[in-house]
Amino acid sequence: MARFPTLSILIKTSSSSSYINLSTIFAKRLFNPTRGNATMGTKSRNSTIFYHLKNKRLDEARRCFNEIRTPDVSLYTMMIAGYCQIDRIDEALQMFYKMPVRDVVSWNSMMKGCIYCGYLEIARKLFDEMPHRTVVSWTTMISGFSKFGQIEMAKEFFSKMPSKDTAAWNSMIFCYCSYGRVEDAYNLFRNMPSRNVISWTTMISGLDQTGQTAKALALFQEMRSSGIEPTSSTFAIVLTACANILALDRGIQLHTHILKLGYELDPFISSTLITFYARCKQINDSVKVFQENSNTNVVMWTALVSGYGLSFDHEQALAVFRDMINVGVVPNQCTFTCALNSCSVLEALDKGKVIHSKAMKIGLGLDVFVANSLIAMYSKCGNIDDGVIIFNKMRERNLVSWNSVIVGCAQHGRAEMAFQIFNQMEQANIQPDEITFVSLLTACSHSTLLEKGRFFFELLKNHPGIQLKLEHYACMVDILGRSGKLEESEEFIKKMPIEPNSLIWLTLLGACKVHLNAEIATRAAEFALKLDPNCSAPYILLSNLYSSLNKWKDASRIRRVMKEKGIIKQPGRSWVTLRGSRHEFLSGDISHPLIKKIHQKLEWLNGKLKELGYVPDPSYALHDVEDEQKEVMLSYHSERLAIGFGLISTVEGSTLRVMKNLRVCGDCHSVIKLISKIVSREIIVRDSCRFHHFRDGNCSCGDHW
DNA sequence: GTAGGGTTAG
């Protein structure tokens with residue numbers, strides 16, 4: 001990096017008619033410091049200050065500033081702005097009050113600085129104190145109120161200001177848009193005396209951000225028709241709108257337009273294009289945009305990481321993250337969020353841990369966004385304890401932090417901990433939202449806590465500002481059903497103020513299976529199938545229920561109907577991730593290279609199981625339609641193959657993590673409890689519903705699953 | 001190079 005500004009800046013000295021390069025002056029000062037101050041002209045001293053201000057080196061700027069006997073108003077103003085930009089508001093204010101003369105620009109600057117540093121009240125005081133106000137003073141205050149959500153104050157100032165220019169109108173439009181009041185914004189937009197490209201761009205963005213993307217694009221067309229040229233900001237916004245509704249062709253047209261105007265290397269445009277193509281499932285075009293821009297920055301890299309994530313290629317997302325680190329680009333909060341999200345989806349605990357340590361090194365380990373992602377990552381990778389540790393360490397938390405840790409506890413069967421954290425949340429005066437309640441109710445259903453469930457549902461119903469959603473009802477149906485209150489659960493569905501979906505009925509059906517109630521189950525299955533005729537779950541659940549009741553004829557009738565309708569059950573799959581690679585097993589799978597050793601291990605385990613008095617429950621073997629055809633024995637269910645593989649491939653005593661796409665079968669659940677005792681290891685199984693922690697012959701779900 | 005209005009990654 002050059003220490004001084006390059007040759008582009010030339011100044012004319014007073015003593016000579018020739019032009020002298022700035023760096024020569026700096027060099028002179030550097031090599032001859034004793035002469036420097038005395039011989040330096042005001043102009044060059046100002047240049048030095050500008051240079052330091054630009055690089056945010058305020059102390060050095062101040063040293064030069066102090067050498068000037070009578071700095072003019074503008075120099076003071078620049079120093080003030082410089083202090084504010086690096087959050088040194090006290091020094092800015094001191095300097096402001098020390099100035100011999102203040103003009104309207106310095107007042108406005110000081111107000112802006114206060115707002116930037118979060119001191120709206122001081123800005124307001126300055127506004128009231130200042131001798132003369134211009135339209136800029138008023139507009140500065142309007143954006144200040146807007147920034148802190150004081151819309152009514154912004155409105156009041158806007159109506160009171162003696163004259164308004166376009167920028168003033170724009171700031172009020174932006175204020176409304178920022179808080180979702182697009183109608184109000186649109187009224188102003190239509191009624192303002194003259195509109196510039198910023199007015200149009202602001203309005204387009206406001207419409208898009210409130211989900212009115214079609215209107216936003218129409219407004220863009222109208223803007224074009226009225227002869228206004230878009231700027232790079234406009235393009236960024238309109239491209240985002242296209243991405244939101246996956247309007248690929250429209251976006252490609254914009255891309256052409258962007259190339260014509262030469263905006264393609266603008267970093268804002270590049271990153272927007274990357275995301276646009278990724279969302280439209282054209283990741284190769286994202287890569288092209290990235291590669292064609294030689295000035296990549298952290299946002300563009302992040303856009304590519306997230307782009308691969310949007311394309312469900314999380315392996316590649318993490319590869320891009322690694323490349324980025326290798327070329328020396330420093331990730332920020334957003335990059336970590338994307339990369340950790342990919343780890344969560346891949347359930348790649350090891351990679352997640354590596355990224356966690358990177359974040360800590362950079363000092364972002366407890367950043368609220370990064371920590372939230374870490375909580376989710378640890379929880380989804382089966383390690384809720386580390387998620388809770390991070391949550392407890394956080395100094396700043398937002399609603400997402402609370403929700404992430406509560407949902408994590410719920411999914412891992414830590415109901416008590418979820419409730420405790422919720423209590424803390426209430427004590428901290430943090431308002432819960434829909435997701436908080438889904439998590440709490442999930443915790444109740446996973447541990448079958450009927451009274452607690454009723455309590456939270458009542459709390460939710462009476463909570464102002466929270467709308468009850470299908471998920472809440474589904475949880476309550478589950479809680480009632482699992483508690484054996486099948487009739488009440490069915491009544492509850494019938495009294496729901498919103499239309500139940502198939503999931504609601506399936507939930508009731510699942511509970512009927514647990515409590516072997518064929519009558520309600522039949523009705524629930526009918527409703528579920530009416531709403532989603534091609535779903536296999538009602539057939540499977542009903543057939544399994546009949547099998548458990550030894551009603552073999554009914555069971556096979558259901559399976560026959562299912563076959564006739566061509567409805568296929570999703571095959572059961574289980575997998576273990578070891579050193580970054582995934583080992584997946586289907587039921588009765590013999591394709592794994594270590595299958596012989598796996599079978600040996602399982603046979604050895606079967607012997608030990610028998611010694612413990614375990615008798616297989618044959619009814620579970622009949623539950624699986626596909627298994628029946630393949631003559632697969634219970635002991636070769638996919639989860640057991642995965643566990644057998646895990647046991648022979650990992651260190652004795654270490655925790656084993658297994659993932660499954662469906663719910664763990666009842667027989668396997670009993671067996672895995674015993675296996676955890678036999679091999680003295682913790683086995684964590686994540687099935688389609690939740691996490692099971694098997695340890696010493698027990699499971700964290702307490703058999704409520 | 002003294003002040004106000006719109007933009008990118010999640």
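The sequence lines fix the lettering, A, B, ..., with proteins before strands; numbering per chain opens at 1.
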Below 3.5 Å, does any donor atom in the side chain of [X] face an acceptor in the base of [N], or the other way round?
X: A:N170; N: B:dG4; result: no
X: A:S271; N: B:dT8; result: yes
X: A:S74; N: B:dG1; result: no

Distance, rounded to the nearest Å, where [X] contributes [atom1] and [N] contributes [atom2]:
X: A:Q85; N: B:dA3; atom1: CD; atom2: C1'; answer: 12 Å
X: A:M111; N: B:dT2; atom1: CE; atom2: P; answer: 19 Å
X: A:N372; N: B:dG10; atom1: CG; atom2: P; answer: 16 Å

Name the nucleic acid region contacted by [X], choosing base, sugar-phosphate or nothing; use a 4.0 angstrom heavy-atom cut-off, strictly under.
X: A:T202; result: sugar-phosphate
X: A:V135; result: base
X: A:S373; result: nothing
X: A:S137; result: nothing
X: A:N332; result: base
X: A:T166; result: base
X: A:S232; result: base
X: A:T134; result: base
X: A:C334; result: base
X: A:N297; result: nothing

Closest approach to the side chain of [X], judged atom by atom: which nucleotide of [options] is it?
X: A:S205; options: B:dA9, B:dT7, B:dG4; value: B:dT7
X: A:T275; options: B:dG1, B:dG10, B:dG6; value: B:dG10
X: A:F369; options: B:dT7, B:dA9, B:dG10; value: B:dG10

- [ ] Walk me through it: do A:E292 and A:K288 pass the test salt bridge (Lys or Arg N to Asp or Glu O under 4.0 Å)?
- [x] CA-CA 6 Å; A:E292 282 167 3; A:K288 232 167 117 186; 5.1 Å; no
Task: N/O (side chain, A:S306) to phosphate O (OP1/OP2, B:dG10) under 4.0 Å - done: yes
Open item on the list: Taking only side-chain N and O atoms of A:K112, does any of them lie within less than 4.0 angstrom of OP1 or OP2 on B:dG4?
Closed with: yes
Open item on the list: Show every salt bridge (charged side-chain N to carboxylate O under 4.0 Å, His left out) that has at least one partner inside residues 258-279 of chain A, sequence neighbours left out.
Closed with: none
